[in-house]
Amino acid sequence: MSTKDRLRRVIPAVDKLLNHCLIRSLIETGVARETVLRLIRSTLEQLRRLSDDELTRLDLSLDHLAQLVVTHLEAQSLQRVINGTGIILHTGLGRAPLSLNAIETIEELSGYCSLEINIQSGRRGSRDLHVAELLVALTGAEAGLVVNNNAAALLLILNTFAQNREVIVSRGQLVEIGGSFRLPDVMRASGAKLIEVGTTNRTYCRDYEEAIGPETAILLKVHTSNFKQIGFVAEVPLLEMVTLAAAHELLVIDDIGSGALFDLTKYDLGSEPTAQASIATGADLVTFSADKLVGGPQGGIIVGKRDLIAQLKENPLMRALRIDKLRLAALQATLRSYLSGKLTELPVWKMALRPLSEIKRAAETLAAAIEIRLKNEANVTMQDGASQLGGGSLPGEEIPTLLVAIEFFHLDVEKVAEQLRMGDPAIFTRISNGKLLIDLRTLHPEDHGIIIERFGNLSNR
Ligand SMILES: *Cc1c(COP(=O)(O)O)cnc(C)c1O
């Protein structure tokens, strides 16, 4: 028998693991037997695929394998993670972290609350009345509405105003945002007919004008968010679209995507369209996400003309796209931080605006502590780097930061990153040029102790 076969025969059978006390207690605490079986099979399958070398070094005892299955189960559950990537709006890690106020408001309103009752009259009220008022105050629009996310906002608008009619969009703005969100697909789902005009890099006002016909309902502008065109490019300014639409009695819808609520250039963070500017320029409806630059919970915000918002509310789809009390609570608290001028109450802005000097101090302390844990095993240094706002905002725009850079002498850096990820809580880092990088900008102070401890406990040394 070859070593390979001998090694593989040591891998236990599914039944043996299923009867282990750790696994049995998983099933007793309510994890479905099928789920556990699937995990055991995939864990054993992973072992069989390992090289002889790797297999020899592994602890193949039942206890250890049962623990592996538990670890795999935990890795599948939704759990808190530490974000050392420096990407502030990390879509994979839940986009905007909520503010303390938002969390407290969620807690306060999680029981009974005045969701759809007017306290004064005792009669039925509207669930997003107060949030809509905050949006009006912030953006200067006549009215506002909140739905499940920005994709839902577009779906609702197109379905309400352009079902079986035509919507004109520039070919330069037919974007894929990520995941499975492609603008043309959402438009099709809404029942609207997409009319593409212009070319990928240049669209002129006359392109829109020539495409307008008896079936046209909407001129749609979409912020290209996650990519940037440079060079020989031309986009039609919103104002020209508004003027053209007015002459033909069409609606102008502006999807600004990440939803900046103030002028980012003030803080040297590059330029993103703001909801205020879009409303002031005359867009009929403006849509954006609540969990990108707004820094709130997942949601799609629509602001604009009062009569149009009223029509949106009448659409039966509204019932399917509305948001729940917990997210409304969080959004209410988030918007209040803007109105009170306390931007840095919001983690997104606190992180984006964190001074480099403060990041440097934190990086020095963290690097020194990690170095003690990894003595003789790694070279720990600090290096200049770039954080990103992320979430499709400000592509190409980078925020200077300081990174803790760890170069291991013997350990495989990919394996270390995996160990950090598989621990509790999971720690996400970056790897570049063979070094493990931790960006201090997206860390909370309480994360440091956990990170330091985990470097002290790396296995396979
Ligand atoms: C992110 C984005 C969307 C999708 O928003 P969700 O809130 O994720 O549904 C739509 N349009 C633009 C321009 C975006 O940037």
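Just so you know, these numbers come straight off a predicted model, no measurement behind them. Counting starts at 1 for both ligands and their atoms, following the listed order. Note that the numbering runs from 1 along the sequence shown for the chain.
Contact annotation: Arg95 has at least one heavy atom less than 4.0 Å from an atom of ligand 1.
In terms of polar-atom proximity, Ala151 is counted as a contact of ligand 1, with an N or O under 3.5 Å from an N or O of the ligand. Considering backbone and side-chain atoms alike, Ser258 places every N or O at 3.5 Å or more from each N or O of ligand 1.
Side-chain contact between Tyr204 and Val197 is absent, with no heavy-atom pair separated by less than 4.5 Å. Using a 4.5 Å cut-off on side-chain heavy atoms (C-beta onward), Ser278 and Lys221 make no contact.
Note on ring orientation: taking the six-membered ring where Trp is involved, the planes of Phe262 and Tyr267 are perpendicular (angle over 60°, cut-offs 30° and 60°).
Judged by distance alone, the side chain of Arg124 and the main-chain N or O of Ile117 form no donor-acceptor pair under 3.5 Å.
Residue Gly257 has at least one heavy-atom neighbour below 4.0 Å for each of these atoms of ligand 1: 12 (C), 13 (C), 14 (C), 15 (O). Residue Asp255 approaches ligand 1 through these ligand atoms, each under 4.0 Å from one of its heavy atoms: 10 (C), 11 (N), 12 (C), 13 (C). The ligand atoms of ligand 1 that sit less than 4.0 angstrom from a heavy atom of Ser289 are 5 (O), 6 (P), 7 (O).
Among Gln298, Lys292, His223, the residue whose heavy atom lies closest to atom 14 (C) of ligand 1 is Lys292.
Counting non-hydrogen atoms of other residues, nucleotides and ligands closer than 6.0 Å to CD of Gln120 gives a total of 12 or fewer.
Of all heavy-atom pairs between Ile450 and Arg80, the closest is CD1-NH2, 3.2 Å.
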